[in-house]
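Chain A is the first sequence line, chain B the second, and so forth, proteins listed ahead of strands; every chain is numbered from 1. From a predicted model like this one, the values you see are computed outputs, not experimental measurements.
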Number of protein chains: 2
Amino acid sequence: MARSTEATPERDERAGATRASRPPLTRERILLAARDLADREGLAALTMRRLGAELGVEAMSLYGHVRGKDDVLDGLVDVVVGDWADPLPGSDDWAAVVRATMSVAHEVLLARPWACELIAARPAVGRNRLRFAESLQARMLGAGFSPQLARHSLHIIDGTITGFTLQELRRATLTQMGEEVAAVARGERRDEYPAITAVIADADHDHAAEFALMTDLVVDGLESMRRREATARSTDPRRAAGADAPISPKCLRSAREGR
Amino acid sequence: MARSTEATPERDERAGATRASRPPLTRERILLAARDLADREGLAALTMRRLGAELGVEAMSLYGHVRGKDDVLDGLVDVVVGDWADPLPGSDDWAAVVRATMSVAHEVLLARPWACELIAARPAVGRNRLRFAESLQARMLGAGFSPQLARHSLHIIDGTITGFTLQELRRATLTQMGEEVAAVARGERRDEYPAITAVIADADHDHAAEFALMTDLVVDGLESMRRREATARSTDPRRAAGADAPISPKCLRSAREGR
DNA sequence: ACGGCACCCTTACGTCGTAAGCATACAACG
DNA sequence: CGTTGTATGCTTACGACGTAAGGGTGCCGT
């Protein structure tokens, strides 16, 4: 083929100019491009080919720096988690740290609706997630939480952040709903769904207040658990050292209360 | 073509025997088959072709009863939600209903890991979800919750169920983790992640107790909000009729406390 | 007996993730 | 300066996906 001569200008705009002008492909550059692409066009548009195009590169070229699409997605999760790892780096007030973390994470996830879905779908744990967990656990242990309660708390906080935001986003994205649901939302089904209709009646639903309520619920609840633990330790010195039953007895009777 | 004569035996094993022996295709039959397929082989295996094969039918035959794959997925969400709509149908004890709902939903979602992911990805609201909301809201209004607080509570309960379960499942599916994360889990990084290492140390993590703790946290928190609302109404009769500020003032100051 | 009509099937298109192999440009060395 | 090794990115190709368009077959009311 006469490619080697004829291809010279083509090379200039691809490999040649590329090699010279374009920064080399990197895992990090790929992940950031993926994040921007998802921001702009949603998770569905995040395709290996599309992602390559975004970087001025063919799809298969990505595979030198990334194990596959799953790897990109996992990396993306950790990039997002990095946005709320360790806020208030100086403080050792665990409650303030929890409030700040929940608030920041909530905002980050609202700003990137695709991230919630991604976190739900991929169980990835990256370095930023470790940082996040370590930061929170350190404050809680320092504040006198038992290791068990600290662990429970982390899981509760984690689940609360993604779960609540997810549910909020789900309601926001609910533009294309069935006719029946739309009718209920318009309040035309008072006979069939009286409670929902009554609750929906007042138009101005305050999202921020709702999230604040959830935050209070979590922080206050954890604080009361921590106090209960502390008093139990001081009144029953046998348990002060051991770690056998640090959870309030109330928790043991609640689940499966009826069905 | 000689197909019309040669196809007769083929017809017997397909359309013929089919038409006679097989119940006709239905939206509901499709959704149940989809649920079973997802149960058996996961969400990734849920393909229109595969789903058709499961019903002894070609992929395109499904499109007469279902708008497309999205429609199947949305329907699937509502099928799952139907499994926890309105437990304790007789009771009017809102707290018991909330506890039962959370418990049942938690079990249902743990049994169908794909459902969590699906609910996270699709904002569908079907009839079963309406039933679920109506049932909960009715009890709460009956118990004296203001419409606003009832609404907030529903969202909190909803987010808690999926969020907590999601997070629990995520940890369970974390078999394929990076080498660094595995090392941390084995406790070989005490210097870098001391708090995590300390917290992970005791091996028997009680999932049931943790969920019970979360349930208590939600129910007790909502109960205290309800009480605060009630006393506020009785001490300040101007607000007894109106519904302007039914939320505890505490919620208004909490969010964005630090960053 | 027959016409209409639900059903369901066949074929086809564009897109996806990615395996395998090739071409090119740069770096180190004689 | 010429040679060669190596890393990097490109080309081609395959199978699977969702689904649009159109064709055939059996059942039911008349």
* Does CD belonging to A:E28 count more than 12 external heavy atoms closer than 6.0 Å? -> no
* Asked: Hey, are A:E180 and A:R189 close enough for a salt bridge, meaning a charged N less than 4.0 Å from a carboxylate O?
  -> yes
* Should B:S61 be listed as having a side-chain N or O under 4.0 Å from OP1 or OP2 of C:dC7? -> no
* To do: Could you check how far CG of A:L62 sits from P of D:dG9, rounded to whole Å?
  => 9 Å
* Asked: Any ion pair linking B:R112 and B:D39 (charged N to carboxylate O, less than 4.0 Å)?
  -> yes
* Structure fact -> note: B:M60, atom CE; D:dC17, atom C1'; distance rounded to Å ~ 13 Å
* To do: Mind calculating the distance between CE (A:M48) and P (D:dG9) to the nearest angstrom?
  => 13 Å
* Starting at CZ of B:R29 and ending at C1' of C:dC8, how long is that distance when rounded to a whole Å? -> 13 Å
* Asked: Rounded to the nearest Å, what distance is computed from the CD atom of residue A:E58 to the P atom of nucleotide C:dT18?
  -> 16 Å
* Asked: Do A:H155 and B:M214 come within less than 4.5 Å of each other through their side chains, counting heavy atoms only?
  -> no
* To do: Would you indicate which nucleotide in C:dC9, D:dG9, C:dA20 comes nearest to any side-chain atom of B:V57?
  => C:dC9
* Between A:R171 and A:E210, does at least one N-O distance fall below 4.0 Å, as a salt bridge requires? -> yes
* Rounded off to whole Å, could you give me the CG-to-P distance for the B:D71 and D:dT19 pair? => 10 Å
* Asked: Got a salt bridge between A:R67 and A:D74, using NZ or NE/NH1/NH2 to carboxylate O under 4.0 Å?
  -> no
* May I ask you to say whether A:E117 pairs ionically with A:R170, meaning some side-chain N is under 4.0 Å from a carboxylate O? => no
* Identify, residue by residue, the members of residues 38-47 of chain B with a heavy atom below 4.0 Å from DNA chain D, and return them in order of residue number, or none. => B:T47
* How many Å lie between CD on A:E54 and C1' on D:dG9, as a whole number? -> 18 Å
* How many Å lie between CG on A:L25 and C1' on C:dT24, as a whole number? -> 16 Å
* **Among D:dG18, C:dT10, C:dT18, the one nearest B:R49 by side-chain distance** => D:dG18
* Is B:R50 salt-bridged to B:E41, cutoff N-O under 4.0 Å? -> yes
* Asked: Under a 4.0 Å N-O cut-off, is there an ion pair linking B:E192 with A:R131?
  -> no
* Structure fact -> Residues of residues 63-70 of chain A with a heavy atom under 4.0 Å from any atom of DNA chain C, listed by number, are A:Y63, A:G68, A:K69
